Amino acid sequence: MRKAAYVVAAVFVVSLLLVTILPRVVSLDGMTPSLIAAIEENTGRKATVKKVSLSLFPGIGIRVRELTLSGDPGRESEKLLDAPEAEFRLAIMPLLSGHAVFSRIIVVRPAILFRKYLDGTTSVSEMSRRLSAPTPSFGTNGGGRPSVAIDSIDIRDARVALRLQGPEGRVDAYDIAPVTARFGRVGGPGLDFDI
């Protein structure tokens, strides 16, 4: 009985050490270009990322610092998203078969610029279509790379700048903060959200 208790304690201590030390030891900086390419392909926007690190708690994921996405076509110099911190949490079972399913994307303290144009389109219309498009169930997306799906996106403590184009080119500006929202089933049969 005593040996079993020692084994359980040893497994617990080793697991705790791995969760604490492994993210500091393993460098993911080499995968930064691949991550940026995946973000750009799935959003249709230019992306930048400052630092990439491994996250093991509360789940396996990738943590990025200083994530930015460019504005909509014609306004690429604007930043649609400027987030000091974001985390991409991976679902483990699909990952074993080569399919990247992000169980949750968490974006913390972002500055978000949302534009609505006179024709009813928005600065995120094209990106929403891309993210809502069905992805292959498993395998590749036709280009030889693994397909990607997103279960939910959490936005925490955001500053949202709304720019609504009115008649005669007038733009009404609204700034809202803090905003916390969760968008679910991106790429699935519907899009639910809570604010």
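Just so it is clear, the model here is predicted, and its values are computed rather than measured. Just so it is clear, the values below take in all heavy atoms, side chains as well, and ignore hydrogens, waters and symmetry mates.
Judged purely by atom type and a 3.5 angstrom limit, E87 has no side-chain atom pairing as donor or acceptor with the backbone of I106. R45 contributes a side-chain N or O that, together with a main-chain N or O of S70, makes up a donor-acceptor pair within less than 3.5 Å. Judged by distance alone, the side chain of T121 and the main-chain N or O of Y117 form no donor-acceptor pair under 3.5 Å.
Salt-bridge formation is not detected for the pair R109/D82: no Lys NZ or Arg NE/NH1/NH2 atom is positioned less than 4.0 Å from an Asp or Glu carboxylate oxygen.
For the atom pair NZ (K46) and OG (S77), the distance works out to 14.0 Å, reported to the nearest 0.5 Å. With rounding to the nearest 0.5 Å, the separation of CG in L81 from OG1 in T43 is 9.5 Å. Between L162 atom CG and R115 atom CZ the span is 11.0 Å, to the nearest 0.5 Å. Rounding to the nearest 0.5 Å gives a distance of 12.0 Å between OG1 of T32 and NZ of K50. Note that the CG atom of L69 and the CE atom of M127 stand 6.0 Å from one another [nearest 0.5 Å].
A side chain to side chain contact (heavy atoms under 4.5 Å, CB included) with F88 holds for exactly one of V107, V64, V52; it is V64. Just one residue in the list D175, D172, D72 forms a salt bridge (Lys or Arg N to Asp or Glu O under 4.0 Å) with R163, and that residue is D175.
In this structure, the side chains of R63 and E85 come closer than 4.5 Å at one or more pairs of heavy atoms. Residues I155 and I112 have side chains in contact (heavy-atom distance under 4.5 Å, counting atoms from C-beta outward). The side-chain heavy atoms of T180 and D157, taken from C-beta on, include a pair separated by under 4.5 Å.
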Passes side chain to side chain contact (heavy atoms under 4.5 Å, CB included), S123 versus L113? Steps please.
CA-CA 8 Å; S123 56; L113 175 62; 5.9 Å; no
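No chain of hydrophobic side-chain contacts below 4.5 Å, direct or via other Ile, Leu, Val, Met, Phe, Trp or Tyr residues, connects L118 to Y174. Hydrophobic clustering, with ILVMFWY side chains joined whenever heavy atoms are under 4.5 angstrom apart, keeps I153 apart from V108. When hydrophobic clusters are built by joining Ile, Leu, Val, Met, Phe, Trp and Tyr residues whose side-chain heavy atoms come closer than 4.5 Å, directly or via intermediates, V179 is grouped together with L164.
Scanning all heavy atoms of the two residues, the minimum distance from L67 to V49 falls at CD1-CG2, 3.7 Å.
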